[in-house]
Amino acid sequence: MAAGASLGPGADGQAAVDGRALSELRPRDGSPATPGSSASARAPSRPGALTSAARRRALGQGRGPASAAFRGGGRLRPFGHLSRHPWDTVIKAAMRKYPNPMNPSVVGVDVLERSVDSRGRLHSHRLLSTEWGLPGLVRAILGTSRTLTYIREHSIVDPVGKKMELCSTNITLTNWVSVSERLVYTPHLEDPGRTVLTQEAVITVKGISLGSYLESLMANTISSNAKKGWAAIEWIIENAERALS
């Protein structure tokens, strides 16, 4: 989620880190992998921040290909978006996505690990703190009053192949519900000056009554938040363009 944090209903701290990481990225064909420095960038602190041990556990769970976080099952919801901006511009904005006024539910972002592999691709592991804002009925179904949820995110940016893949999944409330999202940014095939985002999500509700109702509710929320997320990227690009004009 993302890119994607459209996970669930509803920090320019990492903006400098993410923007610099992409702008300094260079192809390294055949060269050894370069370890990336760990960084921490957060929105204003909120109760329930993860301990260092919890962050290490989240990082351990997130290793492997980005697509490994995307599992089958539940309800699949595909989305598609088209931007008039080129791929490089969209990716820089996507990596500086939080905070933004369209997605106030994301209250914190931690960069757990970043590195460049031998193919020159940038790998990033981040942990997002989000307020799902679950309705009272849903909290009653789940038997919890908790609304602060942590999202594990792994992205791969390929500056040569011009592709960014981002996969995310929740690591709290997993006894009841699992939401996995996958976003892929590529240049438009017929118009390379524009960018296509393909986004899909799988929702799995486990062993509770009214599971189909909860799946439907979360699917609708993800669809709504996906539109907000794309609007946020356009907003960041427009603000950057105004600042340069």
Side-chain angles (χ1 to χ4, degrees), residues 1-8 11 13-15 17-22 25 28 33-42 50 52-74 76 79 87 90-98 103 106 108-130 149-174 177-186 197-204 222 225-226 229 233:
M1 280 99 82
S6 57
L7 288 169
Q14 87 277 17
V17 177
D18 291 340
R20 185 174 64 252
L22 183 60
L25 188 59
R28 302 187 180 214
T34 303
S37 59
S38 296
S40 177
R42 295 190 62 80
L50 285 185
S52 297
R55 288 177 185 153
R56 287 195 297 272
R57 286 197 301 272
L59 178 58
Q61 293 173 345
R63 294 188 183 279
S67 57
F70 189 75
R71 304 288 189 227
L76 182 65
F79 307 98
W87 182 85
V90 171
I91 297 309
K92 289 177 183 178
M95 297 183 73
R96 301 177 59 184
K97 190 174 176 181
Y98 305 108
N103 299 107
V106 178
V109 179
D110 284 291
V111 179
L112 302 177
E113 184 179 70
R114 177 166 286 134
S115 62
V116 178
D117 65 21
S118 60
R119 295 167 55 186
R121 301 179 306 170
L122 175 66
H123 293 251
S124 300
H125 289 86
R126 303 197 304 179
L127 194 67
L128 278 60
S129 305
T130 68
T149 305
Y150 295 106
I151 308 298
R152 183 184 70 236
E153 178 189 280
H154 179 203
S155 64
I156 300 176
V157 180
D158 182 352
V160 178
K162 288 191 177 296
K163 177 181 178 181
M164 175 178 177
E165 179 180 356
L166 185 152
C167 291
S168 59
T169 187
N170 59 300
I171 59 173
T172 51
L173 299 179
T174 53
V177 61
S178 175
V179 182
S180 296
E181 284 191 273
R182 180 173 178 262
L183 292 77
V184 179
Y185 298 83
T186 55
L197 166 62
T198 303
Q199 183 171 354
E200 54 189 351
V202 168
I203 306 161
T204 306
I222 287 174
N225 284 349
I233 290 176

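Throughout, numbering of the chain's residues begins at 1 and tracks the sequence.
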Exercise. Apply side chain to side chain contact (heavy atoms under 4.5 Å, CB included) to Met95 and Leu122, showing your working.
Key: CA-CA 12 Å; Met95 297 183 73; Leu122 175 66; 3.6 Å; yes
Quiz prompt | Steps toward side chain to side chain contact (heavy atoms under 4.5 Å, CB included) verdict (Ile156, Asp117) | solution = CA-CA 10 Å; Ile156 300 176; Asp117 65 21; 5.5 Å; no
What's the separation between atom [atom1] in [X] and atom [atom2] in [Y], rounded to the nearest 0.5 Å?
X      : Y      : atom1 : atom2 : value
Thr198 : Glu165 : OG1   : CD    : 11.0 Å
Glu181 : Gln199 : CD    : CD    : 5.0 Å
Asp158 : Thr186 : CG    : OG1   : 12.0 Å
Arg96  : Ile233 : CZ    : CD1   : 12.5 Å
Ser129 : Asp110 : OG    : CG    : 6.0 Å
Thr130 : Asn103 : OG1   : CG    : 10.5 Å

Practice problem: Going by the side-chain hydrogen bond (donor to acceptor under 3.5 Å, both in side chains) test, name the single residue among Glu153, Glu113, Arg114 that passes it with Ser124. | Solution: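 That would be Arg114.
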Please report the shortest heavy-atom distance between [X] and [Y], naming the atom on each side.
X      : Y      : value
Tyr185 : Trp87  : O-NE1, 3.1 Å
Thr172 : Thr149 : OG1-CG2, 2.9 Å
Leu173 : Asn170 : C-ND2, 4.2 Å
Gly120 : Pro159 : O-CD, 3.4 Å
Ser155 : Met164 : CB-CE, 4.0 Å

Quiz item: Hey, are Arg152 and Thr169 close enough side-chain-wise for a donor-acceptor pair under 3.5 Å?
Solution: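 No, because no side-chain N or O of Thr169 sits under 3.5 Å from a partner of the opposite role on Arg152.
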Quiz prompt | Residues which pass salt bridge (Lys or Arg N to Asp or Glu O under 4.0 Å) with Lys163, listed by chain and number, not counting sequence neighbours | solution =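 For Lys163, no residue satisfies salt bridge (Lys or Arg N to Asp or Glu O under 4.0 Å) once neighbours in sequence are set aside.
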